[in-house]
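These notes are about the structure you will find just below.
Just so we're on the same page: letters track the sequence lines, and every chain starts at 1. All of these numbers come straight from a predicted model, not from anything done at the bench. What you see below is based on every heavy atom in this structure, not just the backbone, and it leaves out hydrogens, waters and symmetry mates.
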Amino acid sequence: MDSSKSFNQQCYDLLVKIPKGKVVTYADIAHHLGGKAYQAVGNAMASNPTPIIVPCHRVVNSNGAIGKFALGTDKKIALLQEEGIELDSKNLKILNLDKQRHRF
DNA sequence: GATTGGGCCGGAC
DNA sequence: GGTCCGGCCCAAT
């Protein structure tokens with residue numbers, strides 16, 4: 001197979017494709033990579049070498065929760081709000097996830 | 001709503 | 001070299 005790109009590299013590639021104002025779920029990315037490596041994706045984000053190039057803050061959980069963030073959940077919330085994404089800063093949940101969810 | 005088990009990658013030992 | 005553990009998780013019970 002083409003292992004020129006590591007698994008995490010593929011995650012970043014998909015991440016950067018996400019337009020502003022849109023969010024994606026870890027399951028979507030993992031499933032798009034052809035597997036159920038949900039945690040592998042999250043791990044890639046945690047190891048994200050370029051948090052600026054790769055908007056890991058646009059990635060949320062499938063249940064609508066924001067989940068965690070390497071720089072801090074609070075930071076993630078702020079970034080999402082700045083991007084124009086509506087979310088519940090009280091319960092750390094994404095609003096209208098189905099609508100704001102970006103599809104590859 | 002909370003808890004348990006499962007499947008996947010990367011790094012450490 | 002192989003093996004073990006943790007992780008920004010998910011789906012099912």
Next item on the list: Take atom CD of A:Glu86 as the centre, draw a 6.0 Å sphere, and report whether it contains more than 12 heavy atoms from other residues, nucleotides or ligands.
Entry: no

Answer yes or no: is there a donor N or O on one side and an acceptor on the other, between the side chain of [X] and the main chain of [Y], under 3.5 Å?
{"X": "A:Tyr12", "Y": "A:Ile53", "value": "no"}
{"X": "A:Thr25", "Y": "A:Asp28", "value": "yes"}
{"X": "A:Lys17", "Y": "A:Phe104", "value": "no"}
{"X": "A:Asn63", "Y": "A:Ala65", "value": "yes"}
{"X": "A:Lys75", "Y": "A:His57", "value": "no"}

Distances for protein N or O near nucleotides 10-13 of chain B N or O, under 3.5 Å:
| unit_1 | atom_1 | unit_2 | atom_2 | d |
| --- | --- | --- | --- | --- |
| B:dG10 | OP1 | A:Phe7 | N | 3.4 |

d([atom1], [X]; [atom2], [N]) in whole Å:
{"X": "A:Met45", "N": "B:dC9", "atom1": "CE", "atom2": "P", "value": "14 Å"}
{"X": "A:Asp28", "N": "B:dC8", "atom1": "CG", "atom2": "C1'", "value": "17 Å"}
{"X": "A:Ile29", "N": "C:dC9", "atom1": "CD1", "atom2": "C1'", "value": "12 Å"}
{"X": "A:Tyr38", "N": "C:dA12", "atom1": "OH", "atom2": "C1'", "value": "11 Å"}
{"X": "A:Asn63", "N": "B:dT3", "atom1": "CG", "atom2": "P", "value": "15 Å"}

Check: Quick one, which residues of residues 70-93 of chain A touch DNA chain C with a heavy atom under 4.0 Å?
Finding: A:Ala70, A:Lys76

Next item on the list: Using both pair distances under 3.5 Å as the test, note the stems of at least 3 consecutive Watson-Crick or G-U pairs that include DNA chain B.
Entry: B:2-6 with C:9-13, B:8-13 with C:2-7

Margin query: Using 0.5 Å steps for rounding, measure from the CG atom of A:Leu97 to the CG atom of A:Asn61.
Written below: 9.5 Å

Notebook entry, point to check: For the residue pair A:Lys99 and A:Lys22, what are the closest heavy atoms and their distance?
Noted result: O-NZ, 3.5 Å

Next item on the list: Establish whether the base of C:dG6 is bridged to the side chain of A:Gln39 by a donor-acceptor pair shorter than 3.5 Å.
Entry: no

